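Whatever order the structure lists them in is the order used to number ligands and atoms, beginning at 1. All figures in this text were calculated on a predicted structure; none of them were measured in a lab.
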Amino acid sequence: GHGLGPDHVAWPPEVAAHYRAAGYWRGQTFGALLTSLTAAYADRTAVVGERNGTVSRLSYAELDDAAHRIAAGLVDLGIKAGDRVIVQLPNIPEFVSVIFGVWRAGAWPVFTLPAHRHSELRHFATQSEAAAIITVDHHNRHDHATMAKAVAAEVDSVRHVLVVGSQEFADLAATPPRELPDPDPGSVAFLQLSGGSTGLPKLIPRTHDDYLYSVRESARICALRPESVYLAVLPAAHNFPLSSPGVLGALHAGATTVMSPSPDAGTAFRLIESEKVTITGVVPPLAAAWVQAAAHTDRDLSSLQVILVGGAKCSRELAERIGPALGCQLQQVFGMAEGLVCYTRLDDPEQIVLSTQGRPISPDDEIRIVDPDDPDASAEDEVAPGEVGALLTRGPYTIRGYYRAAEHNATAFTPDGFYRTGDLVRRHPSGHLEVVGRVKEQINRGGEKVAAEEVENHLMAHPGVLDAAVVAVPDEYLGERTCAYVIPTEGSELTGAELRRFVRERGVAAFKVPDLVMVVDSFPVTGVGKTSKRELRAALAALAKNGG
Ligand code: J2J
């Protein structure tokens, strides 16, 4: 690799040379991509969306112009190449013009979710030493502008808070466009967020070269064409709706992206009908909700050809119902913001589509399935073919290390650069992977990832909590929910409601607030004296069986 700097772990130079020679890394930046798309598709619609009830449509030429102006405005503000810019925007058309504007300024978007709250935003700003935050005034009754300003007051590096919809932002977005230097395509383009399993969420550095490879191949694998219409229902900043094939895959194909302001079936079905949506991507609980809603909708969903389902395991039962209920083809996707993305292919046999989570994008995605009981297992410790093991991966769009996280990288990656995904998988003879569980201390709450330790730390900040352990509890709708076991300090009277309020008020995304709280005297321990989360989960299962 080159030019990644001391905050990054680059691919070894000979590996990077191979990825270039193989044509995976093509030396194009996001800004240059938009320029070439605009030359090819100028008058076609790039983005459709609503803000405060007003529908807008941006052609490729208009998007290109908006991104040029935002870039010039950011540079005039003092944003420099390599500066980090936190982007916290809902699914509005400006999401797309803003991220391309930041890219053209040579800066790096830091992709936070609208659900993130004060303590998370402050952590991302601190960890990335962000120069600016771009947000909206209000979204879902939360005051994002005030939150961003509070973070700016606490974190020295943050010099600007830009609020889309304000006069100040309108003025910035009206800056006369000018050509700006194109960054090195091998350099970092943005920071994505990790689902995490330890303390605080890690930042994931993705380069123009590596990400555009996954976007280009995703668009091809999902058969996107200029006539396609992609509906973004999940928050666009998440890796799945961003790139699998997502907003960027749709743009790459010259297609149209429709930004859905909400994931609910009512809104999505209305947009599928009115915009003649051909493809979308959802998490399993949403797919289940849509399957139910489709049984009694008056909307015409016949334009829909493909629905991608991923982010969490799609059960066989649900997989079987999706196609018939929505009148389209199911495509399973198993991906991660760190890199590796697997898809079932559109011409795969039905049995494979229903029972696996797909196979990797690239012939150079290296897959090793290793001893699940050894957290230090190396790539050589492979299980027998067809057996379940822990998934390690390395490849042309999988990071070799988190941003500014040397200590964590030492365990999250093998010494030879394989990423320990923490997922338990089995490989079918066809090369397709079936996800059967995980070894990481994470709860997958319907696709939203909760790091057990992060929530435990919030709970332990409560003066009445002596110790806390957060585990997953099976849930019919979400697949899993979170349960916090807490041991009170002597004499303290803890209630679940009080602890949930406490965690929420510390400023975290609502999906991280424990769904269940169990106040106990002690935790079961393992042979080596560690809290046995396995036994805590078993205790919950036994409770559920005995009717709670
Ligand atoms: C089981 N577990 C899955 C699946 C992800 C496309 C799609 C999803 C993500 C994503 C993504 C799963 N079945 N089909 O980035 O580009 C769990 C695994 C994985 C973790 C990654 C994309 N699809 N998972 O979900 O970074 O545990 O990315 O390691 O949020 O989600 O989470 P995240």
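- By the 4.0 Å N-to-carboxylate-O rule, Arg537 lies too far from Glu535 to be salt-bridged with it.
- Every residue two or more places apart in sequence or in another chain was checked for a side-chain hydrogen bond (donor to acceptor under 3.5 Å, both in side chains) with Glu350, and none qualifies.
- In this structure, the ring pair (Phe, Tyr, Trp, His ring centres under 6.0 Å) partners of Phe30, at least two apart in sequence or on a different chain, are Trp103, His208.
- Closer than 4.0 angstrom to ligand 1 sit non-hydrogen atoms from His238, Asn239, Phe240, Ser244, Gly310, Gly311, Ala312, Lys313, Val333, Phe334, Gly335, Met336, Ala337, Val341, Gln357, Asp423, Val435, Lys440, Asn444, Lys449.
- Phe269 and Trp290 have perpendicular rings, their planes meeting at more than 60° on a 0 to 90° scale where under 30° would count as parallel.
- Between Glu454 and Lys512 the shortest side-chain heavy-atom distance falls below 4.5 Å.
- Scanning for side-chain hydrogen bond (donor to acceptor under 3.5 Å, both in side chains) contacts around Asn409 gives an empty result, with sequence neighbours left out.
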